[in-house]
There are 2 protein chains.
Amino acid sequence: MKSTASTSDKILDIAQSLIVAGGYNGFSYADISDAIGIRKASIHHHFPAKAELVAVLVDRYTRQAAAGLQSLREQAASPADQLQFYIDYWRTCIENASQPFCVCAMLAGEMQMLPDEVASRVRAHFRNLAAWLTSVLQAGVEQGLFRLDKRPEEQAQMLMASVHGAMLSARALGDPGLFIAVVGPEIARLRTA
Amino acid sequence: MKSTASTSDKILDIAQSLIVAGGYNGFSYADISDAIGIRKASIHHHFPAKAELVAVLVDRYTRQAAAGLQSLREQAASPADQLQFYIDYWRTCIENASQPFCVCAMLAGEMQMLPDEVASRVRAHFRNLAAWLTSVLQAGVEQGLFRLDKRPEEQAQMLMASVHGAMLSARALGDPGLFIAVVGPEIARLRTA
DNA sequence: TGCCGCCTTCCTACTAGCAGGTAGACAAAA
DNA sequence: TTTTGTCTACCTGCTAGTAGGAAGGCGGCA
């Protein structure tokens with residue numbers, strides 16, 4: 001419970017939760033201002049323009065995600081566990097409603113009207129995630145843990161789509177349990193055992 | 001090529017394409033006004049408030065979708081064909097960019113900040129679609145066309161998530177072909193033959 | 001047939017409030 | 001003393017929404 005977070009980090013934190021709730025056009029500087037008790041102008045001091053704020057935010061998110069996934073690869077025993085930890089992370093986020101949606105999945109929906117500097121970063125996150133999933137699946141196949149119908153790249157795309165679609169369904173139907181009900185069987189099917 | 005569409009239909013058409021592009025907060029009465037060459041006030045004559053406009057729009061969409069799916073059930077020979085026609089519909093929409101996203105999937109992302117009258121209708125569409133998929137899968141099992149790992153309800157949720165997730169990936173990565181690359185194998189796997 | 005009043009649709013002109021963003025003053029830290 | 005962070009006060013343009021009027025269609029009625 002450190003309250004040592006810098007102002008700009010606090011701004012990004014609030015902005016992130018607001019984007020998760022309503023997307024790029026669903027929040028304003030005034031919303032952030034209200035949430036952390038600082039004037040609008042002070043937010044502009046840290047992030048002159050909204051597009052820039054969100055670009056930095058997505059950068060941070062992508063970096064955090066990449067670091068998290070990387071450490072998962074190093075720490076988790078097997079590729080099967082790595083996959084399991086990954087979806088458990090999201091299950092927890094969704095079930096306690098702390099962050100019930102991926103920032104980049106949210107922004108991807110608005111892709112067509114996003115500033116370029118944001119859109120390109122969202123795309124990058126999707127590529128990173130697909131690459132991570134591909135390499136985990138690949139490793140799992142080599143260790144005889146997974147048996148895939150398709151090439152690892154395609155199977156990774158299918159899995160990523162399942163995860164994002166499951167988030168959407170859970171939100172649309174107001175049923176957090178739906179996430180794991182959809183994604184669970186999807187990864188169970190990959191296992192050989 | 002009938003230009004006999006009523007003004008309120010034209011308003012809904014434009015609003016729908018704007019929502020598909022940018023969500024609930026991503027369009028304004030002025031945008032519609034510009035697109036169909038009518039004053040803002042005239043739009044308010046047909047739809048006094050934005051929440052009402054979108055509620056009517058989602059109602060129309062849900063009705064059209066329900067009718068389309070119903071006629072698919074009646075016309076398409078087998079449950080396997082019904083599923084194939086369903087995803088072919090979306091593949092076409094996405095590939096020619098005519099409507100590269102489901103309105104309700106788009107709005108589902110913004111669920112948390114949608115007016116109640118809209119949110120409840122979006123939820124209804126998700127339930128309808130899940131029910132349709134469930135019944136098609138069920139029929140397919142009874143005719144020995146499909147073999148499912150899970151109960152039809154769960155498998156339907158998994159399939160729906162795949163479809164929405166695939167739309168999102170196709171959009172995020174700017175690759176229309178990704179939709180069918182993800183959804184194709186997903187339904188192929190259900191088939192017994 | 002022509003006139004009447006009503007209803008629908010669209011318009012111009014307007015409002016209050018919020019959006020993102022700026023200018024410049026002030027205090028404290030470096 | 002310069003830099004950093006915050007403030008008050010402000011600007012412009014856009015937001016949803018309103019008031020009220022003009023044009024036309026339509027049914028009734030003499």
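Here the structure is a predicted model, which is why all the values come from computation and not from measurement. In what follows, chains are A, B, ... by sequence order, proteins preceding strands, each numbered from 1.
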- Message: Can you see if the side chain of A:S28 gets near the phosphate of C:dA19 - specifically, an N or O under 4.0 Å from OP1 or OP2?
- Response: yes
- Quick one: label B:S42 by what it contacts on the DNA or RNA (base, sugar-phosphate, nothing), any heavy atom closer than 4.0 Å. base
- Item | Nucleotide range of DNA chain D lying under 4.0 Å from chain A heavy atoms | D:dG5 to D:dT8
- Query: Just how far is it from atom CG of A:N25 to atom CZ of B:F27, taken to the nearest 0.5 Å?
  - Reply: 11.5 Å
- Just wondering, are more than 12 heavy atoms of other shown residues or ligands nearer than 6.0 Å to CG in B:N96? yes
- Query: How about A:R73 and A:S135: does a side-chain donor come under 3.5 Å of a side-chain acceptor?
  - Reply: yes
- Would you please test B:F126 and B:H164 for ring-ring contact (aromatic ring centres under 6.0 Å, His included) and show each step? CA-CA 11 Å; B:F126 269 73; B:H164 292 147; 5.1 Å; yes
- Message: Under 3.5 Å, is there a donor on one side chain and an acceptor on the other for A:Q157 and A:E153?
- Response: no
- Would you give the length of the straight line joining atom OG of A:S42 to atom CD1 of A:I32, rounded to the nearest 0.5 angstrom? 12.0 Å
- Query: Separation of B:D9 atom CG from C:dT9 atom C1', in whole Å?
  - Reply: 15 Å
- Treat primed atoms plus P, OP1 and OP2 as sugar-phosphate and everything else as base, then score nucleotides 21-30 of chain C 5' to 3': B for base contact with protein heavy atoms under 4.0 Å, S for sugar-phosphate contact only, - for none. BBB-------
- Query: For the atom pair CD (A:Q138) and CD (A:Q143), what is the distance rounded to the nearest 0.5 Å?
  - Reply: 11.0 Å
- Message: Check this for me: does any side-chain nitrogen of one of A:R123 and A:D116 sit under 4.0 Å from a carboxylate oxygen of the other?
- Response: no
- Item | Interatomic distance where NE2 belongs to B:H45 and P belongs to C:dT9 [whole Å] | 4 Å
